[in-house]
Amino acid sequence: GHEDLIDHLTVSPDGMWVATFSEDQTIILWSTKDGSAALELTPRAAIQGDTPFSPDSKHLGMYCKDRRSRRTGTAGGSSDASSWQHHRPRWLTLFFPDGTKVLSYVRSYYTSSRSHPAIVSVWNTTTGGHILSLEAHARDVSVVAISPDGEYIAIASSRPVNLRVWRARVGTCLGVFTEHSVEVTHLMFSRDGETLCSASKDGYVCIRRMREIVSRG
């Protein structure tokens, strides 16, 4: 088992695996059938934030302080893995509904010469190959949602406060929405993908019809 406190855990969608993440910088993949440790991983740097399973439970995403996002296989406790090198630490990992792509996010930062915007990138889950990046957000991204069919990405930015909807395949922006006055805390597509809802610290919930957003874009 772990040699230090467990920060958090996550359960695979098929219920076959439990992944635990510890302050000893290890990840252990446990079988729910018999409680055995099927796989132990020791990344080169501490793990940050939520670490999701892919929808098919075959992959476990993670992002670390060593500026890499990683994907490891779960089938049979396989340690097969791919990683993606970044210039800045990633702070979010989110699988697409079909599990073939993964989304990651990097915060904005400043240098002596200029500011660098927040970047949301999409990668191939299996190969780790870069597919596209969305760089229109000036500062930090607060929350991200992917439509059930994987065709659209909704991204809420906290500075400035706005919401952008993108075509996931080509990376084109369909619209910028500024109804909220304070940071968006929740963002969700309906199960049929027809509606996009957002909730903010300003106390309001906004409901948008994707058909109208797509037709405008």
Working to the nearest 0.5 Å, report the span between [atom1] of [X] and [atom2] of [Y].
X	Y	atom1	atom2	result
Ser22	His8	OG	NE2	10.5 Å
Thr32	Trp17	OG1	CH2	8.0 Å
Asp149	Asp192	CG	CG	10.0 Å
Ile146	Leu94	CD1	CG	4.0 Å
Met16	Lys33	CE	NZ	3.5 Å
Arg211	Arg216	CZ	CZ	15.5 Å

Inset, instruction - Indicate if Val18 and Phe95 have the same hydrophobic cluster label, given that clusters are the connected sets of ILVMFWY residues with side-chain heavy-atom separations under 4.5 angstrom. - result: no
Inset, instruction - Spell out, yes or no, whether Val161 and Leu163 are grouped together once hydrophobic residues are joined by side-chain heavy atoms under 4.5 Å, including indirect joins. - result: no
Donor-acceptor pair, side chain of [X] and main chain of [Y], under 3.5 angstrom:
X	Y	value
Ser147	Gly193	no
Thr185	Ala199	yes
Ser142	Ala156	yes

Nearest atoms (heavy-atom pairs only) where [X] meets [Y]:
X	Y	value
Thr126	Asn124	N-OD1, 2.9 Å
Leu187	Ile155	CD2-N, 4.1 Å
Asp14	Ser57	N-OG, 3.0 Å
Val182	Ser200	O-OG, 2.7 Å
Arg191	Pro148	O-CG, 3.5 Å
Phe96	Val102	CD1-N, 4.1 Å

Legend entry - N-O pairing of Glu151 and Arg169 below 4.0 Å: yes
Legend entry - Check against side-chain contact (heavy atoms from CB on, under 4.5 Å), Val165 and Ile153: CA-CA 6 Å; Val165 179; Ile153 302 172; over 6 Å; no
Inset, instruction - Kindly indicate, with the supporting measurements, whether the criterion side-chain contact (heavy atoms from CB on, under 4.5 Å) is fulfilled by Ile131 and Lys101. - result: CA-CA 9 Å; Ile131 297 174; Lys101 297 185 288 293; 3.4 Å; yes
Is any side-chain heavy atom of [X] closer than 4.5 Å to a side-chain heavy atom of [Y]?
X	Y	result
Arg209	Thr195	yes
Lys201	Val184	no
Pro55	Pro13	no

Inset, instruction - Measure the acute angle between the ring planes of Trp123 and His130, then classify it against the limits of 30° and 60° as parallel, tilted or perpendicular. - result: perpendicular
Inset, instruction - In sequence, state the C-alpha distance, the side-chain angles, and the governing distance for Thr10 and Phe21, and then conclude on side-chain contact (heavy atoms from CB on, under 4.5 Å). - result: CA-CA 9 Å; Thr10 183; Phe21 308 87; 3.8 Å; yes
Legend entry - By side chain to side chain contact (heavy atoms under 4.5 Å, CB included) - contacts of Ile28 (at least two apart): His2, Thr20, Trp30, Ala37, Glu40
Legend entry - Residue list, side chain to side chain contact (heavy atoms under 4.5 Å, CB included) with Thr100, at least two apart or on another chain: Asp98
Inset, instruction - I would like to know whether Ser31 and Ser36 meet side chain to side chain donor-acceptor pair (under 3.5 Å); could you show each step before the answer? - result: CA-CA 5 Å; Ser31 169; Ser36 62; 4.6 Å; no
List the atom pairs, donor and acceptor, that lie under 3.5 Å between side-chain atoms in residues 174-181 and the rest of the protein, sequence neighbours left out.
| from | atom 1 | to | atom 2 | distance (Å) |
| --- | --- | --- | --- | --- |
| Glu179 | OE1 | Arg208 | NH2 | 3.1 |
| His180 | ND1 | Asp202 | OD2 | 3.3 |
| His180 | NE2 | Ser198 | OG | 2.8 |

Legend entry - Tyr152 and Phe189: CA distance, side-chain angles, deciding distance, side-chain contact (heavy atoms from CB on, under 4.5 Å) verdict: CA-CA 10 Å; Tyr152 305 102; Phe189 284 92; 4.3 Å; yes
